[in-house]
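In what follows, a single structure is set out as structure tokens and then discussed.
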Amino acid sequence: MQRIKKLPRAFYERPDVTLIARELIGKVLVTRIGGEYTSGRIVETEAYAGQIDRASHAFGGRRTDRTEVMYGRGGTAYVYLCYGIHHLFNVVTHEADTPHAVLIRGIEPLEGMEVMLRRTGKVFGDKSLGRGPGNVSVALGIRTTLTGASLLGNDIYIAEDAFVFAPEDIVASPRIGVDYAGEDALLPYRFSVRGHAHVSKAPRAARTSDS
DNA sequence: ATACCGATTAACT
DNA sequence: GTTAATCGGTATA
């Protein structure tokens, strides 16, 4: 394992969720599920700004059993099931009672490749491994049972190493699959590494000027 | 108890 | 570009 440092609580508790989403690009997401260590470098994220964001599950201050963890401290995992099959992993940010979150949409596989290939059923070299939030969770073994877990623990956490992407290669664009959010669907809250193979391809309607 | 819908994906035409 | 798959979350009654 290379030299990496787990992100501290203070990273997550800051108030600017879009800044955090941008800064998470290039960081390393690590899981230890069933004793198996896997990791990947984050290349695509989306920010969800809580009460004031129509695309957020917590819009208007809505609180349900599912969304309760979003109201916890920054540095908590929020995992929920989408379309009945996809486990989507989010990072809760800001302080308690402010339900901001960042969806992790893409990773470049780093460690535990054999485990990830077994979990996904893909072959080595398949660039769709880790591309798209559902695939990220399959590769890393993330399931809804992890919701509420602390990102300062050992089962799942985010760390940084010496690697950084060039700032000009990190681009903002509208979020995917949030057409129901009205004007908020147009906000440039999605961050990705320009041209990276593990960034999901945006549907035409949500695409920006790139390619 | 029931009905509708989704922060998706893969496989189509 | 279109669509089926699939089932928990949420609202409504």
Side-chain angles (χ1 to χ4, degrees), chain A residues 12 17-18 20-22 24-25 29 40 42-72 74 76-94 98-107 109 116-117 119-123 125-148 151 156 158 172-192 197-208 211:
Chain A
Y12 303 106
V17 67
T18 59
I20 294 172
R22 179 183 284 271
L24 282 174
I25 301 290
L29 176 57
I42 297 168
V43 297
E44 183 180 357
T45 63
E46 282 180 0
Y48 287 84
Q51 292 103 323
I52 61 166
D53 182 355
R54 281 199 166 282
S56 171
H57 292 165
F59 174 68
R62 189 170 48 158
R63 271 182 118 118
T64 66
D65 287 346
R66 178 179 67 156
T67 62
E68 188 59 33
V69 300
M70 293 182 78
Y71 292 82
T76 303
Y78 171 45
V79 186
Y80 73 95
L81 194 61
C82 186
Y83 288 89
I85 37 186
H86 305 296
H87 299 248
L88 304 206
F89 169 67
N90 300 251
V91 175
V92 175
T93 70
H94 212 305
T98 305
H100 289 186
V102 176
L103 171 67
I104 306 302
R105 293 187 52 89
I107 60 161
M116 292 191 276
L117 293 178
R119 286 171 178 158
T120 59
K122 297 179 188 296
V123 298
D126 187 337
K127 295 295 190 265
S128 72
L129 195 159
R131 183 170 63 203
N135 289 329
V136 168
S137 291
V138 174
L140 295 178
I142 297 169
R143 292 184 291 146
T144 56
T145 50
L146 270 179
T147 201
L151 297 180
I156 182 167
I158 300 173
S173 55
R175 294 169 292 186
I176 307 299
V178 296
D179 298 341
Y180 59 85
E183 295 181 0
D184 290 345
L186 303 176
L187 294 169
Y189 281 5
R190 171 175 175 248
F191 300 93
S192 59
H198 291 87
V199 170
S200 62
K201 199 173 65 173
R204 189 177 252 303
R207 195 176 299 187
T208 47
S211 93

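Within every chain, numbering begins at 1; the chains are lettered A, B, ... in the order of the sequence lines, protein sequences first and strands thereafter. Nothing here was measured: the structure is a model prediction, and the numbers come from that model.
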Partner residues of [X] under the salt bridge (Lys or Arg N to Asp or Glu O under 4.0 Å) criterion, sequence neighbours left out:
{"X": "A:Arg66", "answer": "none"}
{"X": "A:Arg105", "answer": "A:Glu44, A:Glu46"}
{"X": "A:Arg62", "answer": "none"}

Notebook entry, point to check: Does A:Arg105 place a side-chain N or O at less than 4.0 Å from the phosphate oxygens OP1/OP2 of B:dT8?
Noted result: yes
Notebook entry, point to check: Phosphate oxygens OP1/OP2 of B:dT9: is one of them under 4.0 Å from a side-chain N or O of A:Lys122?
Noted result: no
Notebook entry, point to check: Going by the side-chain hydrogen bond (donor to acceptor under 3.5 Å, both in side chains) test, which pairs reach into residues 126-135 of chain A, not counting sequence neighbours?
Noted result: A:Lys122-A:Ser128, A:Asp126-A:Ser128
Note to self: For residues 76-89 of chain A, which residue pairs pass the side-chain hydrogen bond (donor to acceptor under 3.5 Å, both in side chains) check, not counting sequence neighbours?
What the structure shows: A:His57-A:Tyr78
[X] [atom1] to [N] [atom2]: how many Å, rounded?
{"X": "A:Arg175", "N": "B:dT8", "atom1": "CZ", "atom2": "P", "answer": "11 Å"}
{"X": "A:Ile176", "N": "B:dG6", "atom1": "CD1", "atom2": "C1'", "answer": "15 Å"}
{"X": "A:Leu103", "N": "B:dG6", "atom1": "CG", "atom2": "C1'", "answer": "13 Å"}

Using modelled atom types only, decide if a donor and an acceptor are shared between the side chain of [X] and the backbone of [Y] within a distance under 3.5 Å.
{"X": "A:Arg119", "Y": "A:Leu140", "value": "yes"}
{"X": "A:Tyr71", "Y": "A:Gly61", "value": "yes"}
{"X": "A:Thr67", "Y": "A:Thr64", "value": "yes"}

Note to self: For A:Arg63, give me all partners under side-chain hydrogen bond (donor to acceptor under 3.5 Å, both in side chains), at least two apart in sequence or on another chain.
What the structure shows: A:Glu68
Next item on the list: Please list, chain by chain and in numerical order, all residues satisfying side-chain hydrogen bond (donor to acceptor under 3.5 Å, both in side chains) with A:Asp53, sequence neighbours excluded.
Entry: A:Arg175
Next item on the list: Please work out which residues in residues 128-142 of chain A have a non-hydrogen atom less than 4.0 Å from an atom of DNA chain B and list them by number.
Entry: A:Gly132, A:Pro133, A:Gly134, A:Asn135
Check: What does A:Leu88 touch in the nucleic acid at a heavy-atom separation under 4.0 angstrom: a base, only the sugar-phosphate, or nothing?
Finding: sugar-phosphate
Checklist line | Base-contact (B) and sugar-phosphate-only (S) positions in nucleotides 6-13 of chain C, heavy-atom cut-off under 4.0 Å, - elsewhere | finding: BBSSSS--
Margin query: Taking side chain to side chain contact (heavy atoms under 4.5 Å, CB included) as the definition, give me every residue that meets it alongside A:Ala47, ordered by chain and number, with sequence neighbours left out.
Written below: A:Val17, A:Thr18, A:Ala21, A:Tyr189
Checklist line | Per-nucleotide pairing state of DNA chain B [Watson-Crick or G-U, under 3.5 Å; [ ] pseudoknot-crossing; | other strand] | finding: ||||||.|||||.
Could you pull out the protein-nucleic contacts involving nucleotides 11-13 of chain B (nitrogen or oxygen on both sides, under 3.5 Å)?
none

Next item on the list: Can you measure from OH (A:Tyr48) to CG (A:Asn90) and round to the nearest 0.5 angstrom?
Entry: 8.0 Å
Notebook entry, point to check: Once you round to the nearest 0.5 Å, how far does CD1 of A:Ile42 lie from CD1 of A:Ile107?
Noted result: 8.5 Å
